Amino acid sequence: MSPSGLIPPAFYLRPVVEVARDLLGRELCLGPVVLRITEVEAYDGPGDSASHCRSGRTPRNAPMWEAGGCAYVYLCYGLHHMLNIVTGPAGHGAAVLVRSCEPVRGLDQVRRRRGGLGGPALLAGPGRVAQALGVDRRFSGQPLFRAGGLELRDAAAVGERLCGPRVGVDYATEADRLLPWRFALAGTPWVSRPRGLVPEPVPVG
DNA sequence: CACAGGATCGTT
DNA sequence: ACGATCCTGTGT
């Protein structure tokens with residue numbers, strides 16, 4: 001993958017947790033705004049009781065059932081847009097929620113959209129990310145690998161990662177609530193609710 | 001057609 | 001701790 005290049009569709013066609021971890025440090029670009037992803041959560045198919053795919057295909061979640069590489073955007077609590085990145089083969093129904101970012105370019109535009117706020121309140125939290133980037137439901141289903149639209153681009157390598165349980169999914173089953181499917185870059189202030197995040201276990205063997 | 005309930009945020 | 005705010009999925 002070329003530095004600062006568009007990420008090709010093959011990147012997304014892998015297990016959602018793998019893609020989620022790999023998304024940290026990559027850049028979301030739309031117009032003048034470039035944001036580096038610092039926190040994500042994985043949602044894996046109809047068997048995941050926290051996923052919008054838990055009850056099968058609906059008009060809203062249709063993009064989640066497409067082949068990986070497109071956006072899935074929905075309105076939450078009637079107020080906030082949530083930006084997801086669809087992963088896996090068509091029919092699988094998995095996606096990664098972008099929970100936090102750090103600003104890279106277009107900070108003036110980001111501040112305008114976020115009401116002049118500064119610090120983590122600018123971009124830590126999924127509703128804040130979508131608002132700062134200028135993404136709403138019209139982007140749901142759009143590809144992320146075509147130049148000129150909403151783009152995901154390669155960027156500098158990342159360091160240590162943290163992981164923990166997903167946030168705000170109390171309605172899910174006990175087992176699904178405990179899955180450590182939330183990931184964040186270690187040491188960054190651009191993370192919503194740092195509580196519950198711990199360094200990833202080191203793989204043995 | 002009616003209704004309950006959010007993958008949240010900002011303020012009290 | 002709470003209210004905002006509206007779309008969605010489900011049931012009648």
Side-chain angles (χ1 to χ4, degrees), chain A residues 12 15-17 19-21 23-24 28 35 37-66 68 70-88 92-103 110-142 144 150 162-184 189-197:
Chain A
Y12 305 96
V16 64
V17 172
V19 177
R21 294 172 73 257
L23 280 170
L24 294 178
L28 284 164
L35 306 179
I37 299 173
T38 52
E39 182 194 353
V40 296
E41 276 175 2
Y43 290 86
D44 192 17
D48 176 1
S49 64
S51 169
H52 283 185
C53 289
R54 62 187 176 274
S55 300
R57 189 182 180 111
T58 68
R60 178 178 66 163
N61 71 24
M64 273 188 83
W65 301 92
E66 298 300 310
C70 65
Y72 165 51
V73 184
Y74 68 93
L75 186 63
C76 187
Y77 294 97
L79 295 164
H80 311 290
H81 293 282
M82 303 285 120
L83 170 61
N84 295 256
I85 295 171
V86 176
T87 72
H92 187 83
V96 178
L97 172 66
V98 180
R99 287 195 60 89
S100 298
C101 292
E102 89 183 311
V110 168
R111 273 200 277 251
R112 258 194 302 280
R113 288 172 173 159
R114 290 286 304 129
L117 295 171
L122 200 59
L123 279 169
R128 294 162 171 174
V129 169
Q131 186 183 27
L133 200 52
V135 164
D136 59 27
R137 280 170 301 170
R138 299 192 298 272
F139 286 82
S140 200
Q142 287 198 196
L144 298 168
L150 176 59
L162 308 178
C163 69
R166 294 174 291 181
V167 173
V169 294
D170 294 343
Y171 54 85
T173 64
E174 183 76 8
D176 288 342
R177 263 178 295 171
L178 293 173
L179 293 170
W181 282 1
R182 176 183 179 216
F183 301 96
W190 303 101
V191 176
S192 67
R193 299 148 146 218
R195 190 145 109 173
L197 291 171

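Please read all numbers here as calculations on a predicted model, not as lab measurements.
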Check whether any side-chain heavy atom of A:Arg137 sits under 4.5 Å from a side-chain heavy atom of A:Leu75, and report yes or no.
yes
Give the rounded distance in Å between these two atoms: CZ of A:Arg57 and P of C:dT10.
14 Å
Would A:Tyr77 pass as stacked on C:dA4, i.e. its ring centre under 5.5 Å from the base's six-membered ring centre and planes under 30° apart?
no
Phosphate-side-chain proximity, A:Arg60 and C:dG9, N/O vs OP1/OP2 below 4.0 Å:
yes
Taking atom CZ of A:Arg193 as the centre, does the number of heavy atoms from other residues, nucleotides or ligands within less than 6.0 Å exceed 12?
no
What is the distance from CZ of A:Arg128 to P of B:dT8, rounded to the nearest Å?
11 Å
What is the distance, to the nearest angstrom, from the CD atom on A:Glu41 to the P atom on B:dA7?
11 Å
Can you tell me how far P of B:dA7 sits from CG of A:Asp44, to the nearest Å?
17 Å
Could you tell me if the side chain of A:Leu133 sits less than 4.5 Å from the side chain of A:Leu150, heavy atoms only?
yes
Measure CG/A:Asn61 against C1'/B:dA7 and give the value in whole Å, please.
13 Å
How would you label the contact of A:Ser55 with the nucleic acid (heavy atoms, under 4.0 Å): base, sugar-phosphate, or nothing?
sugar-phosphate
Whole-Å gap separating P (B:dC9) and CZ (A:Arg113):
17 Å
Need one value for A:Leu75: base, sugar-phosphate or nothing, where a base atom within 4.0 Å counts as base even if backbone is also close, heavy atoms only.
sugar-phosphate
For A:Arg114 and B:dC9, is the shortest distance between a side-chain N/O and OP1 or OP2 below 4.0 Å?
no
A:Thr58 side chain N/O closer than 4.0 Å to the phosphate oxygens (OP1, OP2) of C:dG9?
yes
Is there a side-chain contact between A:Arg99 and the phosphate of B:dT8, meaning an N or O under 4.0 Å from OP1 or OP2?
yes
Please name the nucleotide paired to C:dT5 by Watson-Crick or G-U wobble geometry with both distances under 3.5 Å, or report none.
none
Separation of C:dT8 atom P from A:Arg54 atom CZ, nearest Å, is 15 Å
Show your reasoning for whether side chain to side chain contact (heavy atoms under 4.5 Å, CB included) applies to A:Leu35 and A:Val98.
CA-CA 11 Å; A:Leu35 306 179; A:Val98 180; over 6 Å; no
Is A:Arg99 paired with A:Glu41 through a side-chain N to carboxylate O contact shorter than 4.0 Å?
yes
A:Leu79 side chain: which of C:dC7, C:dA4, B:dA7 is closest?
C:dA4
Mind calculating the distance between CD (A:Gln131) and C1' (B:dG10) to the nearest angstrom?
12 Å
